[in-house]
Amino acid sequence: MNTDKLSARLASVAKYVPSGARVADIGSDHAYLPCFLAKNKRLSFGIAGEVAVGPFQLAERNVLAEGLTNIISVRMGDGLEVIEDGEVDCITIAGMGGALIASILENGRSKLSSVKRLVLQPNISAISIRKWFIDNNWELIAEEIIEEDGKIYEILIGEKGDPNKPYNKNQDLGLLVGPFLVQKQDETFRKKWTAELKNWERIYEALENAAQSPETLEKKQEIFGKIKLVKEALTNENP
């Protein structure tokens, strides 16, 4: 992967960035994504934000080597603190846990007034982002699920709007597996949730054989609820 050819994961993120956007890529690492977008004339201004010194220096080096310092600003800081108010209209965050992404958005809510689109790629717990969208009046407008190098990733795209719109039938199911993804049910979706279902069934069986403390009973109830939802998704073509 480099600034000319992204990984499948980042390429999926890139295609949801509106042409001509002012983009902040949070946790930019090597700044491959903003450099790729700039070289393909997809952004008008970019910020590569990094909280760690090493990745920040790599991003600076790559932006300089590509001759993009006039269009991409590399900044070190935590989450959305690298953005000035009104500076960007699109934010990308890729390669983190969903709970961490949600906390970055929550902690930086004051920076979102000018933002029209969020393109987010959680490694785990996409449900945390879907819940944050609902709580903060962001509408999930599209989703994608891909497999790369044996790992499965989800990409979630949000815009300001009606947060309940995608969940016209079963909100609990949609939050867990994705309201758009469950309708499409492609091979990658079924692979992911079949594996999750088997894992949860193993956990539930182990809990059945454990001492039945209040904590165990609560965990059993939680796991049973997830098992029921995923079975519903996988056995119904149009949940």
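Basis for what follows: all heavy atoms, side chains included, without hydrogens, waters or symmetry-related copies.
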Side chains of residues 192-211: which donor-acceptor partners sit under 3.5 Å, not counting sequence neighbours?
{"residue": "T194", "atom": "OG1", "partner": "R190", "partner atom": "O", "Å": "2.6"}
{"residue": "E208", "atom": "OE1", "partner": "K220", "partner atom": "NZ", "Å": "2.6"}
{"residue": "N209", "atom": "ND2", "partner": "E205", "partner atom": "O", "Å": "3.2"}

Please determine whether a side-chain nitrogen of the Lys or Arg among D89 and K116 lies less than 4.0 Å from a carboxylate oxygen of the Asp or Glu.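 No, D89 and K116 are not salt-bridged.
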
Mind checking whether [X] and [Y] sit in one hydrophobic cluster, side chains of I, L, V, M, F, W, Y counted as touching below 4.5 Å?
X	Y	result
V51	M76	no
V53	V63	yes
F36	L58	no
I127	F224	yes

For K15, what residues pass the side-chain hydrogen bond (donor to acceptor under 3.5 Å, both in side chains) criterion, not counting sequence neighbours?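 Counting only residues at least two positions away or on another chain, K15 forms a side-chain hydrogen bond (donor to acceptor under 3.5 Å, both in side chains) with E144.
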
By salt bridge (charged side-chain N to carboxylate O under 4.0 Å, His left out), which residues pair with [X], not counting sequence neighbours?
X	value
K219	E222
K191	E147
R75	E87

Does [X] reach the main-chain N or O of [Y] with its side chain, forming a donor-acceptor pair under 3.5 Å?
X	Y	result
K160	S113	yes
E148	R9	yes
S44	G20	yes
R42	V17	yes
E154	I145	no

Does the side chain of [X] reach to within under 4.5 Å of the side chain of [Y], using non-hydrogen atoms?
X	Y	value
V23	V88	no
N170	V182	no
P122	S128	no
R130	P179	yes
D172	L229	yes
M96	N123	no
Q121	S12	no
T188	I146	no

On a heavy-atom basis, which atom in [X] and which in [Y] lie closest, and how many Å separate them?
X	Y	value
A94	V13	CB-CG2, 4.4 Å
I129	G98	CG1-O, 3.7 Å
L33	A14	CD1-CB, 3.7 Å
F180	A142	CE1-N, 3.8 Å

Report all side-chain donor-acceptor pairs from residues 133-141 shorter than 3.5 Å, counting only partners two or more places apart or in another chain.
{"residue": "N136", "atom": "OD1", "partner": "R109", "partner atom": "NH1", "Å": "3.3"}
{"residue": "N136", "atom": "ND2", "partner": "W132", "partner atom": "O", "Å": "2.9"}
{"residue": "E139", "atom": "OE1", "partner": "D162", "partner atom": "N", "Å": "3.0"}

Knowing that exactly one of L112, I101, I157, I93 qualifies, which makes a side-chain contact (heavy atoms from CB on, under 4.5 Å) with L118?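 Testing each of L112, I101, I157, I93 against L118, the sole residue satisfying side-chain contact (heavy atoms from CB on, under 4.5 Å) is L112.
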
